[in-house]
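In what follows, a structure is listed as structure tokens, so that the remarks can point back to it.
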Amino acid sequence: MSNIKQELLSKIESKELVVGVIGLGYVGLPLAVEKANVGYKVIGFDVLPEKVKLVNEGHNYIGDVVDEELAELVSKGVLRATDNFEEVASCDFIAIAVPTPLDEYQQPDISYVEKSTKDVAKYLKKGSIVVLESTTYPGTTEELMLPLLEEGSGLKCGEDFFLAFSPERVDPGNKIYKTKNTPKVVGGVGDDSTEVAAALYRNVLEGEVFTVSSPKIAEMEKILENTYRNVNIGLINEFALIANKMGINIWEVVDAAKTKPYGFQAFYPGPGIGGHCIPLDPFYLTWKAKEYDSHMRIIEASGSVNDFMPEWVIERSMKILSKNFKKALNGAKVLLLGVAYKNDIDDLRDSPALVVYDYFNKEGADLSYYDGYNPSFKYGDVEINSLKEITPEVISSYDLVVITTNHSNVDYQMVVDNAKYVFDTKYATKDVKNNKDNIELL
Ligand SMILES: NC(=O)c1ccc[n+]([C@@H]2O[C@H](COP(=O)([O-])OP(=O)(O)OC[C@H]3O[C@@H](n4cnc5c(N)ncnc54)[C@H](O)[C@@H]3O)[C@@H](O)[C@H]2O)c1
């Protein structure tokens, strides 16, 4: 057994290992906390000084992290943050969890992974391991990171340091599955890299650690997971479009279909798809596929259905106003309920509700929103503020209330009882008693 592997494995076992987490966002901060919780010394790195400051003051800013837990780890000195990458030199295990967005042409923007890898390479010490956790196209670890790390550090992978890919699967807001108890997949550059990375995760997590034969397998399986969601949402959105034309309640259809105990998983339609993962990740693969003269036809088709959904919300809203009130959308008072991309979280990234907001605004609607999780958001350079509260008087003052996120902290019975009309794109009104016949579902 190589010396550096042996050393790392015994540091993992004895908890002497120093862990560096690069990127302290929705993924990185919970990762840092979990590792510190089991006794490793953790240094978090971020380019945003305000995040570094918050962590060092013990202030939490991520929904899935417990405030008191973070504060205690910081006060005990086991977790701290910095924007000084020289400190990478004291880390044995470096996890990278930086953003992997798309650019304006829907192409992968891999610049965050590239920059952070170069920063790590400068200070990488012999006998350490680097693990990428960001979602990305198959090939990133070996084709992009490996040469950057070797050139930048002068060290050799497999002899002087190890390198692996292990995708993060956190589902923000999920009450049952957190970073700690979600199974983890690991694929290293060579068996030693896989073994060391898997050993660390087995020490930290309760979920199964499943090893695969290469980083590419791990990279592609993560894209497969997210593509599976993306195309199934695209499929049900397409069903929703035709069901509406046929006068069929799609939500009742899904509720009926999901009684089948095998071979069917329920997905739900909505005003589009959002978040930093599901709308973007499949397009990392469509981009890479072009290198192989291939098109990912199902991903493209699903993307076009999902991207159409916000337009459909506007079209339906126009029809509702015209049919029921002989009103145009231009000048109508419209209230959007919820701007987060999913229920009970504060994450606005790629939220379809914001696309809907933009379309309504461009059509000249007199627009407001209410979202108890998101008191404000930036619309271009303008700060838009949520209504402070929604009372019967407030609700009744709008021509149309559009439910764009099904947050559970809204009294939907009150909304329906007082609204002139409700367009529910999320089936939030499922359990509401409606005597006024003033609801339309997506
Ligand atoms: N959010 C999720 O639900 C989720 C789930 C699974 C996987 N992922 C993947 O995890 C990765 C990170 O996502 P996220 O949601 O945590 O993003 P995020 O934007 O919440 O956090 C990323 C952090 O990295 C920091 N950062 C950017 N460049 C940096 C650099 N060069 N060095 C150090 N820090 C840097 C940012 O300031 C930010 O704090 C993405 O690839 C994403 O696809 C996200």
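Indexing begins at 1, ligand by ligand and atom by atom, following the structure's order. Worth knowing before you read on, the calculation uses all heavy atoms, side chains too, and leaves out hydrogens, waters and symmetry mates. For the single chain, residues carry numbers from 1 onward in sequence order.
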Any salt bridge between [X] and [Y], counting N to O under 4.0 Å?
X	Y	value
R169	E133	no
K53	E50	no
R80	E87	yes

Give the numbers and elements of all ligand 1 atoms closer than 4.0 Å to a heavy atom of [X].
X	value
S134	11 (C), 41 (O)
R349	1 (N), 14 (P), 15 (O), 17 (O), 18 (P), 19 (O), 20 (O)
L48	37 (O)
I22	32 (N), 33 (C)
P172	3 (O)
K51	38 (C), 39 (O)
Y112	27 (C), 28 (N)
K222	6 (C)

Among all protein heavy atoms in this structure, tell me which lies nearest to [atom], with the distance rounded to 0.1 Å.
atom	value
atom 9 (C) of ligand 1	T135 OG1, 3.6 Å
atom 37 (O) of ligand 1	D46 OD1, 2.6 Å
atom 6 (C) of ligand 1	E168 O, 3.1 Å
atom 22 (C) of ligand 1	P99 CD, 3.6 Å
atom 13 (O) of ligand 1	H276 CD2, 3.6 Å
atom 5 (C) of ligand 1	V170 O, 3.2 Å
atom 30 (C) of ligand 1	V47 CG1, 3.6 Å
atom 21 (O) of ligand 1	G25 CA, 3.2 Å

Check: Y26 N/O within less than 3.5 Å of ligand 1 N/O: yes
Residue list, salt bridge (Lys or Arg N to Asp or Glu O under 4.0 Å) with E389, at least two apart or on another chain: none
S128 versus D92, side-chain donor and acceptor atoms under 3.5 Å: no
Any donor-acceptor N or O pair under 3.5 Å, side chains T136, E219: no
Spatial distance of atom OH (Y201) from atom CD1 (I12) [nearest 0.5 Å]: 10.0 Å
Region of C277 engaging ligand 1 - heavy atom pairs below 4.0 Å: side chain
Proximity of F85 to ligand 1 by residue part, where a heavy atom lies under 4.0 Å: side chain
Donor-acceptor contact present, side-chain N203 to main-chain A199, <3.5 Å: yes
Check: D64 side chain, G173 main-chain N or O, donor-acceptor pair, under 3.5 Å: yes
Y357-Y379 aromatic ring centre distance below 6.0 Å: yes
Review item, side-chain donor-acceptor pairs of residues 149-159, under 3.5 Å, at least two apart:
unit_1	atom_1	unit_2	atom_2	d
E150	OE2	C157	N	2.8
S153	OG	L149	O	2.6
S153	OG	L155	N	3.0

W287 and Y137 aromatic ring geometry - parallel, tilted or perpendicular at 30°/60° bounds: tilted
Nearest neighbour of atom 11 (C) of ligand 1 from the list V98, L29, T179, T100, on a heavy-atom basis: V98
